[in-house]
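Below, read A as the first sequence line, B as the second, and so on, with proteins coming before strands; counting in each chain starts at 1. Computed from a predicted structure; not experimentally measured.
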2 protein chains.
Amino acid sequence: MPSSSRLTAEERRAAILEAALRLFSERGYRGTTTRALAEAVGVTEPVLYEHFRSKRDLYAAIVQAKCREGFQQGAAMLEPYARARDDWGLFTRLGEFILELYRNDPAYTRLLLFAVLEEPELGVLFYEHQHEGRQLLAGYIRRRIEEGAFRPVDPEVAARAFLGMFFHLGQVGVLYNDPLAQGRSKPVREIVEAMVRIFLDGLRNEQAQVPKQSCKEDRK
Amino acid sequence: MPSSSRLTAEERRAAILEAALRLFSERGYRGTTTRALAEAVGVTEPVLYEHFRSKRDLYAAIVQAKCREGFQQGAAMLEPYARARDDWGLFTRLGEFILELYRNDPAYTRLLLFAVLEEPELGVLFYEHQHEGRQLLAGYIRRRIEEGAFRPVDPEVAARAFLGMFFHLGQVGVLYNDPLAQGRSKPVREIVEAMVRIFLDGLRNEQAQVPKQSCKEDRK
DNA sequence: GCGGTTTCCTAGCGATCGCTAGGTTAGCAT
DNA sequence: ATGCTAACCTAGCGATCGCTAGGAAACCGC
C-alpha cells in the first residue's frame, strides 16, 4: 500500500463527519449504510465505532450541528439594516441570504428535511431555530408598524409570508434543480428584488412606495 | 377464527393501497417493511405480491396517484374567479385551498416529500404537476398586467411568491405541528386574508387598493 | 532498535430485509 | 355434496443490515 495516510483521532473524526454529512443528505438516515460510510471515508467499519457510539449518534451529531447553522449569522448580518430602518436593504439582503444558503449548501436542506421526516425528535430542534429567527423578523415588522411605516398587519403572519416565499423558492431549487430558483434563467438579484418589492409595497403605508428601479444605490 | 373476511382481489388491492399510503407517508419507502405492510393490511406478505410485482411497484403506484391530486381540481375551482377578474376572490380561495389540502391530508405532503428525497425519479413527476399549476397562475397574473390591473412584474416570479407563502405555511403545519399554520392559534381565514392583502397591495397599481377590512362582502 | 500506544483491519455474529415455492382453505357454480 | 378456482398461509431462502471481538501494523519517545 503506497500512502494509506494514517490520521490522528480528531482528523479522522472530522473526515467521518464530512463524508457522513454528504451521504446522509443524499440518501437519508435509513438509506445510508455503515458500510457505505466506511467506504466513503476510506476506512473500515470498526473505525467509525471508535469515534461514534452508534450510527444514530453520528447522525444526531451532524443534524444538531447543521441545525445551528444559518440563523445566528443571518441575524447578525441584518442588525445594521434594522438599526437604520432600511427596510429595502434588510429584506433584499435577507432574501438573498436565504437563497444563497440553499444554493451554496444543498446538503443543508436535504439533511434537515430527511431528519424532520425520518426522525421527528431530531427535526424539532431545527424548527426551534427557525422559530427563533422568525420571531426576530416579526419583532422588526412590529416595530415598523408601531412607527407607522407599515400597515397594521399581524407581524408574525407577515414574517411567515416573507420567509415562505424564499424558503419555498430555495427548497424547490435544491429538490428539483429548478432553473429559476437556482438563478440559471435570470439573476437571483432580480428575483429577490421583484419579490421584496411586492412584499414591501403590500406592507407599507401609502406615502412611501418603493421605486420601480433597483434600489441598490438609494438605500441610505 | 371468527370472521377472517376473505376479500375479492380488487377489494384487497384497495385495502393494500390504503394501508401502504399511511405507512409510506409516515416512515418513507425505506422505513416501511413489507412485513409491517402485511400486518397493517391484516394479511401475510405473499398476498401483497399477488397484487403488486414488488415493493417498489406498490410505492410507485401510490406516489403517482397522489401526484395527480390537487392541481386539476384547484384549477377548475378557480376558473370562475379568473373569468370575473375577481383577484381577491381568486387568491384567497387559492390560499385557503392550499392550506386545506395540507391540513386535511397530511399524508400528501409527507409522502411526496419522502418520494422527492428518496426516489428523485418519482418525485420529478410531482414537480411537473406543480409546474403546470404555477404556469396557470402566472398566466392569469400576466393577463392582469396586460389589462393594467397589476404592476409590470415577472408573472412567474409573482406566482412563485404567492405559492411559496402558502406552500411553506402548509408544509410547516404538517411537519412540525405548527399551531399558527394549523389554524389553532387564529382562524385560517384571517391568515389567508392578511397574506393575500399584502400580496395584492404589492402587486396592484395604485388606483385600486384592497380595503382594510375583510373583503368577503364586496367581492363582486 | 524497541516497547507501548494508537490506528486500523479481518472475519463474522445475530437480526432483519425483500421475496417466493408450495401447500391449505374458503366460497362459488353446478 | 362436490369439484374448482381464487384467496390466503407456512416456512424459509439469500442478501444485507448494524455492530463487534480480537489481532495486525504504523507511529511515538527513548
Side-chain angles (χ1 to χ4, degrees), chain A residues 1-63 111 114-115 118-119 121-122, chain B residues 1-63 114-115 117-119 121-122:
Chain A
M1 298 299 158
S3 67
S4 77
S5 56
R6 205 157 210 181
L7 304 183
T8 68
E10 115 189 81
E11 284 170 331
R12 184 59 76 196
R13 187 186 160 93
I16 292 174
L17 282 172
E18 186 188 5
L21 169 62
R22 212 188 67 235
L23 288 191
F24 280 135
S25 72
E26 281 173 5
R27 314 179 204 174
Y29 178 68
R30 292 194 175 101
T32 301
T33 69
T34 53
R35 284 196 230 286
L37 261 170
E39 195 186 2
V41 179
V43 294
T44 56
E45 290 181 83
V47 176
L48 306 181
Y49 289 90
E50 282 164 15
H51 299 278
F52 299 92
R53 296 209 347 272
S54 66
K55 179 190 176 187
R56 179 59 183 267
D57 253 39
L58 171 56
Y59 188 60
I62 290 176
V63 170
L111 181 85
F114 260 126
E118 290 186 312
E119 311 282 338
E121 64 273 25
L122 281 178
Chain B
M1 300 293 159
S3 65
S4 77
S5 57
R6 207 157 207 179
L7 304 183
T8 68
E10 115 188 80
E11 285 170 332
R12 183 59 75 198
R13 188 187 159 94
I16 293 173
L17 282 171
E18 187 189 4
L21 169 62
R22 212 190 68 235
L23 288 191
F24 280 135
S25 71
E26 281 173 4
R27 315 180 204 174
Y29 177 68
R30 292 193 176 103
T32 301
T33 70
T34 53
R35 286 197 228 285
L37 260 170
E39 195 186 2
V41 179
V43 294
T44 55
E45 290 180 82
V47 176
L48 305 180
Y49 290 91
E50 282 164 16
H51 298 277
F52 299 92
R53 295 209 347 272
S54 67
K55 178 190 175 186
R56 178 59 183 267
D57 253 40
L58 170 57
Y59 188 60
I62 289 176
V63 170
F114 260 126
L117 288 170
E118 290 186 311
E119 311 282 338
E121 64 274 23
L122 281 179

Could you write out each protein N or O paired with an N or O of nucleotides 17-24 of chain C at a distance under 3.5 Å?
from   : atom 1 : to      : atom 2 : distance (Å)
C:dC17 : N4     : B:Arg35 : NH2    : 3.3
C:dG18 : OP1    : B:Thr32 : O      : 3.3
C:dG18 : OP1    : B:Lys55 : NZ     : 2.7
C:dG18 : OP2    : B:Thr34 : N      : 2.8
C:dG18 : OP2    : B:Thr34 : OG1    : 3.1
C:dG18 : O6     : B:Arg35 : NH2    : 3.3
C:dC19 : OP2    : B:Tyr49 : OH     : 2.7
C:dC19 : OP2    : B:Lys55 : N      : 2.8
C:dC19 : O5'    : B:Tyr49 : OH     : 3.4
C:dC19 : N4     : B:Arg35 : NH1    : 3.4
C:dC19 : N4     : B:Glu45 : OE1    : 3.1
C:dC19 : N4     : B:Glu45 : OE2    : 2.9

Item checked: For A:Glu18, side-chain hydrogen bond (donor to acceptor under 3.5 Å, both in side chains) partners two or more places apart -> none
Next item on the list: Test side chain to side chain contact (heavy atoms under 4.5 Å, CB included) on A:Leu37 and A:Leu48 and set out the steps.
Entry: CA-CA 8 Å; A:Leu37 261 170; A:Leu48 306 181; 4.0 Å; yes
Margin query: If you take any heavy atom closer than 4.0 Å to DNA chain C, which residues from residues 8-21 of chain B end up in contact?
Written below: none
Checklist line | Contacts of type side-chain hydrogen bond (donor to acceptor under 3.5 Å, both in side chains), residue A:Glu10, not counting sequence neighbours | finding: none
Item checked: Partners meeting side chain to side chain contact (heavy atoms under 4.5 Å, CB included) with B:Ala115 (sequence neighbours left out) -> B:Tyr59, B:Val63
Check: Of all residues at least two apart in sequence or in a different chain, which pass the side chain to side chain contact (heavy atoms under 4.5 Å, CB included) check with A:Phe52?
Finding: A:Arg13, A:Ile16, A:Leu17, A:Leu58, A:Ala61
Check: For the pair made of CD in A:Glu39 and C1' in C:dC8, what is the distance, rounded to whole Å?
Finding: 16 Å
Next item on the list: Taking side chain to side chain contact (heavy atoms under 4.5 Å, CB included) as the test, write out the residues that go with A:Ser25, two or more places apart.
Entry: A:Ala107, A:Arg110, A:Leu111
Next item on the list: Could you tell me whether A:Glu119 and A:Arg56 make a salt bridge, using a distance below 4.0 angstrom between a side-chain N and a carboxylate O?
Entry: yes
Is there any protein nitrogen or oxygen under 3.5 Å from a nitrogen or oxygen in nucleotides 1-5 of chain D, and what are the pairs?
none

Check: Which residues pass the side-chain hydrogen bond (donor to acceptor under 3.5 Å, both in side chains) test with A:Arg35, sequence neighbours left out?
Finding: A:Glu45
Note to self: Classify B:Leu48 by what it touches in the nucleic acid, base, sugar-phosphate, or nothing, heavy-atom distance under 4.0 Å.
What the structure shows: nothing
Notebook entry, point to check: Residues in side chain to side chain contact (heavy atoms under 4.5 Å, CB included) with A:Ala14, at least two apart?
Noted result: none
Notebook entry, point to check: Under the side-chain hydrogen bond (donor to acceptor under 3.5 Å, both in side chains) test, which residues partner A:Glu11, sequence neighbours left out?
Noted result: A:Thr8
